[in-house]
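Since the model is a prediction, treat every value here as computed from it, not as a measurement. FYI, the numbering just counts along the sequence from 1.
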Amino acid sequence: MDYSDVSSIAAWVTEQGLKGASEAELMTGFCAACRDAGLPLDRGMALMDTLHPVHEGRAFRWDSVEEIETEFEYGPTGSGEAASSWQRSAFYHLWSGNEREVRRRIGFGDPIDFTMLDKIAEAGHTDFVAMMHRFSEAGTIGEMDCFFSHFATRHPEGFSDHDLAILRKLVPVLGLAIKCIALGRIARTIAEVYLGEDAARQVMEGKISRGKSERISAALWFSDLLNYTKISDRVPPEEIIPLLNDYSEVAISAVHAAGGNVLKLIGDGVLAIFKGEVPAETCRAALTAESLLREKLATLNAARAADGRPTTDVYIGLHIGDVFYGNIGSQDRLDFTVIGPAVNEVSRIASMCRSVDLNLLISSDFAAAIPEDQRAVLACVGRYALRGVQRAQELYTLDGARLNS
């Protein structure tokens, strides 16, 4: 492999990075191109921490012989066996010290003192090199502060000095391209986690200007926890966040499973919408989410009660109507949400649940949108004036809906 190949491989990696190729595609293409050009690569891996509520980072692998998983996500490495494995790795050796590169000529008597080196040696590799490229503070996001990579060869003589010089020139280019893709992934993750999947998609597509909104018809969901204030007053403060997380999880997962989008977490409340062209279908989706919530809630409450932890119920208001969906706020602080009288109305309907001792109330508009042959499951609760809403209306519930206090 000569230095003209370095330029062509670097150009290919740059082009693929700009096109938005996946990290696994970049790693696979890079290693294969190096091997085709004469660099004796037989194994490669790259990894980088990320910013994600569940995963600590992502890793990408390539092997010239074996069929392997080309990418995977890994969880926290701060405790347990994961921490032990991480602290025995070549990457940790680099991260915790001052070196940027560590090499083990495992086919020539060097110690097998890092995690995975024994398996790499058993697979017939003779030489191993691991590299770390640190980011500056300005280039760091969360724990994503460096790019790790390692490479191995089965060549009888291992890597030559020339081979290592080539890798040292090319790996930073690969790291930059993978970081570029990773940053795009992080941006999407943050948007989805904090805005919801549909709102995040629209923002990432460019709908980020104040006033950019559309008028849509949607089924609206507003849920809240029963007696949350009383519970928070009588349980230890360290119990409050786990309680909110447990009940938010069942509500949000039920909405998502039924095709809805959660737009806001308001304390212990959840505002969600079910979009669609056919009102009957959006209402059916909302009722499916309500049914799923009840199943998940029964399981959760049984588990919490068994642990001696406080339990509660979730009350829900369902409505359907036209809303404005888009960016609301100031020039430099926006919220992608829904506004309109229907949003105010659904929250008022939900708050009526406590007064009538029911865990579900449905507006007359929502009831009218359900196919006539399915309305038999609804029971009229009565006609009520809702605070801040001009017109009184009949409210409905499902047979058997009662608050469990």
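Around atom CD1 of I208, no more than 12 heavy atoms belonging to other residues, nucleotides or ligands sit under 6.0 Å away. The environment of E372 atom CD is sparse: at most 12 non-hydrogen atoms of other residues, nucleotides or ligands sit within 6.0 angstrom. Heavy atoms from other residues, nucleotides or ligands lying under 6.0 Å from CD of E205 number more than 12. Other residues, nucleotides and ligands place no more than 12 heavy atoms under 6.0 Å from the CH2 atom of W95. Applying the 6.0 Å contact sphere to CG of D161 captures no more than 12 heavy atoms from other residues, nucleotides or ligands. The environment of CD in E197 is sparse: at most 12 heavy-atom neighbours from other residues, nucleotides or ligands sit within 6.0 Å. Heavy atoms of other residues, nucleotides or ligands lying less than 6.0 angstrom from CZ of F72 number more than 12.
Seen from the ring of F135, K179 counts as a face-on cation partner, given the 6.0 Å and 45° thresholds.
Ion pairing between R104 and D113 holds under the 4.0 Å rule for side-chain N and carboxylate O. For the pair R58 and E73, the salt-bridge criterion is met [side-chain N within less than 4.0 Å of a carboxylate O]. For R103 and D110, the salt-bridge test fails: no basic side-chain N is under 4.0 Å from an acidic carboxylate O. A salt bridge links E290 with R294: at least one charged nitrogen is closer than 4.0 Å to a carboxylate oxygen. Salt-bridge check for E101 with R168: passed, with a basic side-chain N closer than 4.0 Å to an acidic carboxylate O. Between D322 and R215, at least one side-chain N (NZ, or NE/NH1/NH2) sits under 4.0 Å from a carboxylate O, which counts as a salt bridge. Taking the charged nitrogens against the carboxylate oxygens, R201 and D198 do have a contact shorter than 4.0 Å, which makes a salt bridge.
Looking only at side-chain heavy atoms (C-beta outward), V270 and L265 come within less than 4.5 Å of each other. Under the 4.5 Å side-chain criterion, counting only non-hydrogen atoms from C-beta, N301 is in contact with Y247. Contact check for L225 versus L243: side-chain heavy atoms found under the 4.5 Å cut-off. The shortest distance between side-chain heavy atoms of D335 and K264 falls below 4.5 Å. Taking 4.5 Å as the limit, some side-chain heavy atom of E239 sits within range of a side-chain heavy atom of R309. You'll find the side chain of C283 reaches within 4.5 Å of the side chain of I320, heavy atoms only. A heavy-atom distance below 4.5 Å is not found between the side chains of Y396 and L360. Two residues are said to be in side-chain contact when any heavy atoms from C-beta on lie closer than 4.5 Å; W221 and F274 meet this criterion.
Distance check: L167 CG to M131 CE gives 5.0 Å after rounding to the nearest 0.5 Å. Between atom CZ of residue R304 and atom CG of residue D246 there is a gap of 5.0 Å, rounded to the nearest 0.5 Å. To the nearest 0.5 angstrom, T282 atom OG1 is 10.5 Å from I273 atom CD1. With rounding to the nearest 0.5 Å, the separation of CZ in R43 from CZ in F128 is 8.5 Å. We find the CD-CD distance between E345 and Q393 to be 5.0 Å, quoted to the nearest 0.5 Å. Atoms CG and CG, on N359 and L293 in that order, are 8.5 Å from each other to the nearest 0.5 Å.
Although no hydrogens or angles enter the test, the distance criterion places a donor-acceptor pair under 3.5 Å between the side chain of D42 and the main chain of R154. A donor-acceptor distance shorter than 3.5 angstrom exists from the side chain of E25 to the backbone of S22, with no hydrogens or angles considered. A donor-acceptor distance shorter than 3.5 angstrom exists from the side chain of H52 to the backbone of V54, with no hydrogens or angles considered. In this structure a side-chain-to-backbone donor-acceptor pair under 3.5 Å is present from T153 to H155. Put simply, the side chain of S232 gets close to the backbone of T229: a donor and an acceptor are under 3.5 Å apart. Judged purely by atom type and a 3.5 angstrom limit, N327 uses its side chain to pair as donor or acceptor with the backbone of K207.
Residues N245 and S248 have side chains that never bring a donor and an acceptor to within less than 3.5 angstrom of each other. With hydrogens and angles left out, the side-chain atoms of E99 and H93 include a donor and acceptor closer than 3.5 Å. Side-chain polar atoms of T77 and E56 form a donor-acceptor pair below 3.5 angstrom. A donor atom on one side chain and an acceptor atom on the other are not found under 3.5 Å apart for T189 and R185.
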- Task: May I have the step-by-step check of side-chain contact (heavy atoms from CB on, under 4.5 Å) for M116 and R88, ending in yes or no?
- Result: CA-CA 9 Å; M116 297 192 303; R88 297 195 311 269; over 6 Å; no

- Could you go through the side-chain contact (heavy atoms from CB on, under 4.5 Å) check for V343 and H319 one step at a time? CA-CA 8 Å; V343 180; H319 185 33; over 6 Å; no

- Working for side-chain contact (heavy atoms from CB on, under 4.5 Å), residues V323 and I339: CA-CA 6 Å; V323 293; I339 61 168; over 6 Å; no

- How far apart are the C-alpha atoms of M45 and L47, what are their side-chain angles, what is the distance that settles it, and do they pass the side-chain contact (heavy atoms from CB on, under 4.5 Å) test? CA-CA 7 Å; M45 186 172 85; L47 67 83; 3.9 Å; yes

- Message: Before you tell me yes or no, could you show the steps for S330 and D332 under side-chain hydrogen bond (donor to acceptor under 3.5 Å, both in side chains), namely the whole-Å CA-CA distance, both residues' side-chain angles and the distance that decides it to 0.1 Å?
- Response: CA-CA 5 Å; S330 68; D332 56 3; 3.1 Å; yes

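Between H133 and F147, the angle of the ring planes lies from 30° to 60°, which puts this pair in the tilted group. By the 30° and 60° cut-offs, the orientation of the rings of W86 relative to F148 is perpendicular.
Applying the side-chain hydrogen bond (donor to acceptor under 3.5 Å, both in side chains) test to E281 and every residue at least two apart in sequence or in another chain returns nothing. Under the rule for a side-chain hydrogen bond (donor to acceptor under 3.5 Å, both in side chains), the partners of Y74 that lie at least two apart in sequence or sit in another chain are D49.
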